[in-house]
Amino acid sequence: MLLLGLLFLFDQLLPTISQQSQRFVVAKWQQVNLLQQPLPTDNSLPSPLPGQHLTDTWGGARSEGRRHEGIDIFAPRNTPIKATTQGVVSKVGDDRLGGKVVVIVGPGGAGHYYAHLEDYADISPNQWIEVGDTVGYVGDSGNAKGTPPHVHYGVYINGSAVNPYPLLIKAK
């Protein structure tokens, strides 16, 4: 009887494990292909908050002797945040400073970091994202608690932060 129970359990778990393994392998293959694509260039990425005013807040002083490694884009709380690039979701979770964050690995291996979210969209790690897909919603989580709602958008190339402002297409 115990053997039958174990066989039944194994039969139920195998498809789930197989699907998770497949998703992981596909995501890694997509990331390898992304590494071979060119990095973003000036004026090549759409805004994560279409229609909102963009200001270059890169490099401003921050707590603990840090410098601002991205730009803040202000909008009403719960405004949908759009992916600026196609890519693979590498993180949906919390971090100390950014609060609720989403990270997407895009062309050239560039990391696109969305922080201070109010909530996440229905996305998960290893999922493929297209430009314009909703990744989360504007908030003030993390060390932005109590500030006007915004998204902190950062871009990381080879592990180093780069100013995302020049990369974004500005509304005319």
Side-chain angles (χ1 to χ4, degrees), residues 30-31 34-35 37-172:
Q30 290 168 327
Q31 286 177 343
L34 285 168
L35 287 174
Q37 295 179 20
L39 288 164
T41 58
D42 286 357
N43 300 304
S44 67
L45 301 174
S47 173
L49 293 174
Q52 298 299 320
H53 179 73
L54 297 178
T55 302
D56 190 352
T57 59
W58 170 264
R62 292 295 186 265
S63 64
E64 302 170 17
R66 298 174 299 111
R67 292 277 177 207
H68 195 221
E69 293 186 343
I71 65 169
D72 293 333
I73 308 169
F74 295 86
R77 186 176 307 279
N78 289 315
T79 299
I81 300 165
K82 305 296 184 175
T84 59
T85 186
Q86 67 176 4
V88 175
V89 176
S90 67
K91 180 175 182 175
V92 177
D94 293 325
D95 77 33
R96 185 176 71 85
L97 297 174
K100 292 182 179 180
V101 303
V102 170
V103 179
I104 297 170
V105 176
H112 298 259
Y113 176 77
Y114 308 83
H116 306 311
L117 282 55
E118 181 72 17
D119 204 359
Y120 310 106
D122 185 18
I123 60 174
S124 57
N126 297 320
Q127 179 178 336
W128 181 260
I129 294 289
E130 291 291 342
V131 172
D133 287 351
T134 299
V135 297
Y137 302 91
V138 170
D140 66 348
S141 62
N143 68 349
K145 199 57 150 171
T147 66
H150 66 281
V151 63
H152 168 96
Y153 176 64
V155 174
Y156 293 81
I157 296 175
N158 296 325
S160 297
V162 298
N163 187 349
Y165 183 79
L167 304 176
L168 295 170
I169 300 166
K170 308 333 172 268
K172 295 179 181 181

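Note that these values count all heavy atoms, side chains included, but never hydrogens, waters or copies made by symmetry.
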Subject >> side chain to side chain contact (heavy atoms under 4.5 Å, CB included) between I104 and Q86, intermediate numbers included >> reply: CA-CA 8 Å; I104 297 170; Q86 67 176 4; over 6 Å; no
**OP:** Apply the test side-chain hydrogen bond (donor to acceptor under 3.5 Å, both in side chains) to residues Y153 and S47: give CA-CA distance (whole Å), side-chain angles for both, the deciding distance (0.1 Å), then the verdict.
**Re:** CA-CA 9 Å; Y153 176 64; S47 173; over 6 Å; no
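- Screening residues 86-113 for salt bridge (Lys or Arg N to Asp or Glu O under 4.0 Å), with sequence neighbours left out, gives E64-R96.
- With a 4.5 Å cut-off on side-chain heavy atoms, T84 and Y114 count as touching.
- Partners of Y137 by side-chain hydrogen bond (donor to acceptor under 3.5 Å, both in side chains), not counting sequence neighbours: none found.
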Show me the donor-acceptor pairs, under 3.5 Å and distance only, between side chains in residues 161-168 and residues at least two apart or in other chains.
| from | atom 1 | to | atom 2 | distance (Å) |
| --- | --- | --- | --- | --- |
| N163 | OD1 | Y165 | N | 2.9 |
| N163 | ND2 | D56 | OD1 | 3.3 |
| N163 | ND2 | D56 | OD2 | 3.2 |

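- No side-chain heavy atom of L117 sits less than 4.5 Å from a side-chain heavy atom of V101.
- In this structure, D119 CG and N78 CG are separated by 7.5 Å, a value rounded to the nearest 0.5 Å.
- Every residue meeting the side-chain contact (heavy atoms from CB on, under 4.5 Å) condition with A75, not counting sequence neighbours, appears here in chain and number order: L49, Q52, T79, V138.
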**OP:** Could you check Y120 against V135 for side chain to side chain contact (heavy atoms under 4.5 Å, CB included), going step by step and ending with a plain yes or no?
**Re:** CA-CA 6 Å; Y120 310 106; V135 297; over 6 Å; no
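- Between H152 and Y113, the gap from one ring centroid to the other is short of 6.0 Å.
- Within the 4.5 Å cutoff, the side chain of H112 has heavy atoms near those of the V155 side chain.
- In this structure, P46 and K82 have side chains that are not in contact, with every pair of non-hydrogen atoms separated by 4.5 Å or more.
- For R66, the side-chain hydrogen bond (donor to acceptor under 3.5 Å, both in side chains) partners two or more places apart in sequence, or in a different chain, are S63.
- Listed by first and then second residue, the salt bridge (Lys or Arg N to Asp or Glu O under 4.0 Å) pairs involving residues 121-146 are R77-D140, D140-K145 (not counting sequence neighbours).
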